[in-house]
Amino acid sequence: MDDGAVTAVSGVVSRETESQGHAFSMGSIEDEQAVAENVRRRIQLTGRPFPKPVQSRVLTVANQKGGVGKTTTTVNVAAAMAQSGLKVLVIDLDPQGNASTALGIDHHAEVPSIYDVLVDGEPLLDVVQPCTTVEGLFCAPATIDLAGAEIELVSLVARESRLQKAIVAADETGHEFDYILIDCPPSLGLLTVNAMVAASEVFIPIQCEYYALEGLSQLLKNIELVRAHLNPPLHVSTILLTMYDGRTRLSAQVADEVREHFPEQVLRTTVPRSVRVSEAPSFGETVMTYDPTSSGALAYLEAAGEIADRGAAGNI
C-alpha cells in the first residue's frame, strides 16, 4: 500500500476520532485499540489486487425477504472489488433506485436507465454511468419508470430474457467488465426473472435473524423453477451472512444452520451490524469510501476478496 493510501486511511481515522470526540475524551482504550486494529486490517487487505475471473461473471443478488441488506451488499461488494483493481458494473433493477442512490448516480425520470434497455431495447452501455467516488465502478441506474416495467414487459417478445440479450450484446462489443452485479427487487416478478435468466450465479445475502431461513426456502424453490424452465446454468454460488450481532445467541444459531445446509456456498466472512454502513447512502456513497476503516467496510472488503478468489480458482 503506497504512502498516499496510508495517508488517506489515516485521514479517515482522524475524522472517526473527531466524530467520536466525547467517547475518546473518556479515555476509552478499547475504542482506540479497535480503530488501530481496523487500520491495520485495512492496510493488510488492500495490499493486493483481486484476481480477475477467467471470463466476466454475472451475479444476481437476490432475496425475496426485504431488509436483509441486499442492496447494501450489492453496492459495497462492487465498490470493494473496484477499489481492488477490478472493473465492475452494478445493474439496478429495483424501481426504488436505492443502489443508484448509494453510488451517487443521478436517476431522476429523464435519465437514460435500465428501463430503456428492458422495454425499448436500448443498448446497455448507452445507459451506464461511472461512479464518481470509485474508479472502475459503473452503474446502469433505475428510475421511477421501472415501476411500470412489470406490466409493460408482459406483452413483449421474449420478456424473460431481455436483460440477458442486452448483456450478451454488450459483451460482444467488448464491455470489459470483470463482474456484473444485478440488484433485484424483493419479489419474484418479471424484473427478478430477467435478472435470474441473465446470470449464471445467484448471490444471496441472508440476515442473521429468525425469519431468514423461511425466506431462503422459498427463494430456492423459485431459483429451481427458473433453472428448470429458463436458465439451466443458474445456481446459488455465494451466500453472505449479514447484520451479524456477535452479542446474541440467535445470530450464531442462524449462521451455524446456514453453514450446515450450504457449506460450499457460505462465505467465511460475516457482515456485522454497522451504523456506518447505514449512514453511507445518505451521502451518496458506499461505506467503502464513507468510512473505509469501519467494521462494515472491512467485512465487505473481505467478502469481495473471497468472491474474487473463488472466481479465479474456478470454485463457482
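Using modelled atom types and a 3.5 Å distance limit, the side chains of Tyr115 and Glu152 yield a donor-acceptor pair. Checking Asp92 against Ser100 by side-chain atom types alone, a donor-acceptor pair falls below 3.5 Å. Using modelled atom types and a 3.5 Å distance limit, the side chains of Tyr179 and Ser56 yield no donor-acceptor pair. No donor-acceptor contact under 3.5 angstrom links the side chains of Thr71 and Thr74, judged on distance only. There is no side-chain donor-acceptor pair under 3.5 Å between Ser113 and His107. When only modelled atom types and interatomic distance are considered, Asn222 and Gln64 share a side-chain donor-acceptor pair under 3.5 Å.
Rounding to the nearest 0.5 Å places CZ of Arg247 at 9.0 Å from CZ of Arg273. To the nearest 0.5 Å, atom CD of residue Gln83 and atom CD of residue Glu135 are 11.0 Å apart. Rounded to the nearest 0.5 Å, atoms CD1 (Ile167) and CG (Asn194) are 9.5 Å apart. Note: Asp145 CG to Asp120 CG = 9.5 Å, rounded to the nearest 0.5 Å. Atoms CG and CD1, from Leu124 and Ile114 in turn, are 5.5 Å apart once rounded to the nearest 0.5 Å. Separating the SG atom in Cys208 from the CG atom in Asp256 is a distance of 9.5 Å, to the nearest 0.5 Å.
Of all heavy-atom pairs between Val117 and Pro123, the closest is CG2-O, 4.1 Å. Across every non-hydrogen atom of Lys52 and Gly85, the tightest pair is NZ-O, 3.6 Å. In terms of heavy atoms, Ala82 sits closest to Val134 at CB-CG1, 3.6 Å. The two residues Leu190 and Glu150 make their nearest non-hydrogen contact at N-OE1, 2.7 Å. Summarising the geometry of Ala303 relative to Leu240, their closest heavy-atom pair is CB-CD1, 4.0 Å, with the distance given to 0.1 Å. Across Thr192 and Cys184, no two heavy atoms sit closer than the pair OG1-CB, 3.9 Å.
Looking only at distances, a side-chain donor or acceptor of Thr242 sits under 3.5 Å from a matching main-chain atom of Val68. For the pair Asp116 (side chain) and Val127 (backbone), a donor-acceptor distance under 3.5 Å is absent. The main-chain N or O of Thr269 is found under 3.5 Å from a side-chain atom of Glu306 such that the two form a donor-acceptor pair. No donor-acceptor distance shorter than 3.5 angstrom exists from the side chain of Lys70 to the backbone of Val61, with no hydrogens or angles considered. Between the side chain of Asp291 and the backbone N or O of Val287, no donor-acceptor pair lies under 3.5 Å. For the pair Asn231 (side chain) and Ala198 (backbone), a donor-acceptor distance under 3.5 Å is absent. In this structure, the side chain of His235 engages the main chain of Ser200 through a donor-acceptor pair within 3.5 Å. Between the side chain of Asn63 and the backbone N or O of Pro205, at least one donor-acceptor pair lies under 3.5 Å. Side-chain atoms of Ser251 never come within 3.5 Å of backbone atoms of Thr248 as a donor-acceptor pair (strictly under, hydrogens ignored). Without hydrogens or angle criteria, Arg57 side chain to Ala308 main chain gives no donor-acceptor distance under 3.5 Å.
Heavy-atom contacts from other residues, nucleotides or ligands closer than 6.0 Å to CD of Gln218 number more than 12.
Between Thr286 and Tyr290 there is no side-chain heavy-atom pair separated by less than 4.5 Å. Ile239 is not listed as a side-chain neighbour of Phe203, based on a closest heavy-atom distance of 4.5 Å or more. The shortest side-chain heavy-atom distance between Val111 and Gln129 falls under the 4.5 Å cut-off. The side-chain heavy atoms of Leu118 and Leu191, taken from C-beta on, include a pair separated by under 4.5 Å. For the pair Leu137 and Leu89, the minimum side-chain heavy-atom distance is 4.5 Å or more. Side-chain contact check for Leu86 versus Pro49: every heavy-atom pair is 4.5 Å or farther apart. Residues Pro281 and Glu285 have side chains not in contact (no heavy-atom distance under 4.5 Å, counting atoms from C-beta outward). The shortest side-chain heavy-atom distance between Met243 and Val271 does not fall under the 4.5 Å cut-off.
Under the side chain to side chain contact (heavy atoms under 4.5 Å, CB included) rule, Leu163 has a single partner from Val197, Ile182, Thr60, which is Ile182. When the options Glu201, Arg310, Gln265 are evaluated for a side-chain hydrogen bond (donor to acceptor under 3.5 Å, both in side chains) with Ser237, the one that passes is Glu201.
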**Asked** Passes side chain to side chain contact (heavy atoms under 4.5 Å, CB included), Val88 versus Asp178? Steps please.
**Response** CA-CA 6 Å; Val88 185; Asp178 297 305; 5.7 Å; no
**Request:** Dump the intermediate steps for side chain to side chain contact (heavy atoms under 4.5 Å, CB included) on Ile204 and Thr238, then the final yes or no.
**Result:** CA-CA 6 Å; Ile204 306 176; Thr238 309; over 6 Å; no
**Request:** Please assess Leu216 against Phe262 for the test side chain to side chain contact (heavy atoms under 4.5 Å, CB included), listing each intermediate value before the final yes or no.
**Result:** CA-CA 11 Å; Leu216 178 60; Phe262 305 96; 3.5 Å; yes
**Worked check of side chain to side chain contact (heavy atoms under 4.5 Å, CB included) between Asp183 and Val75** = CA-CA 9 Å; Asp183 184 39; Val75 297; over 6 Å; no
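Note: the hydrophobic cluster containing Val266 also contains Leu250 (ILVMFWY, side chain heavy atoms under 4.5 Å, direct or indirect links). In the hydrophobic clustering of this structure, Val90 does not group with Leu146; members are Ile, Leu, Val, Met, Phe, Trp, Tyr whose side-chain heavy atoms approach within less than 4.5 Å, directly or through other members. No path of Ile, Leu, Val, Met, Phe, Trp and Tyr side chains, each step under 4.5 Å between heavy atoms, connects Val58 with Val77, placing them in separate hydrophobic clusters. Under the 4.5 Å side-chain heavy-atom criterion for Ile, Leu, Val, Met, Phe, Trp and Tyr, Leu220 and Leu230 are members of the same hydrophobic cluster. In this structure, Ile105 is not a member of the same hydrophobic cluster as Phe177, with clusters built from ILVMFWY side-chain heavy atoms closer than 4.5 Å.
The residues Glu224 and Arg227 are annotated as salt-bridged, a charged nitrogen and a carboxylate oxygen being separated by less than 4.0 angstrom.
Phe138 carries Lys87 over the face of its six-membered ring, with the cationic atom under 6.0 Å from the centre and within 45° of the normal.
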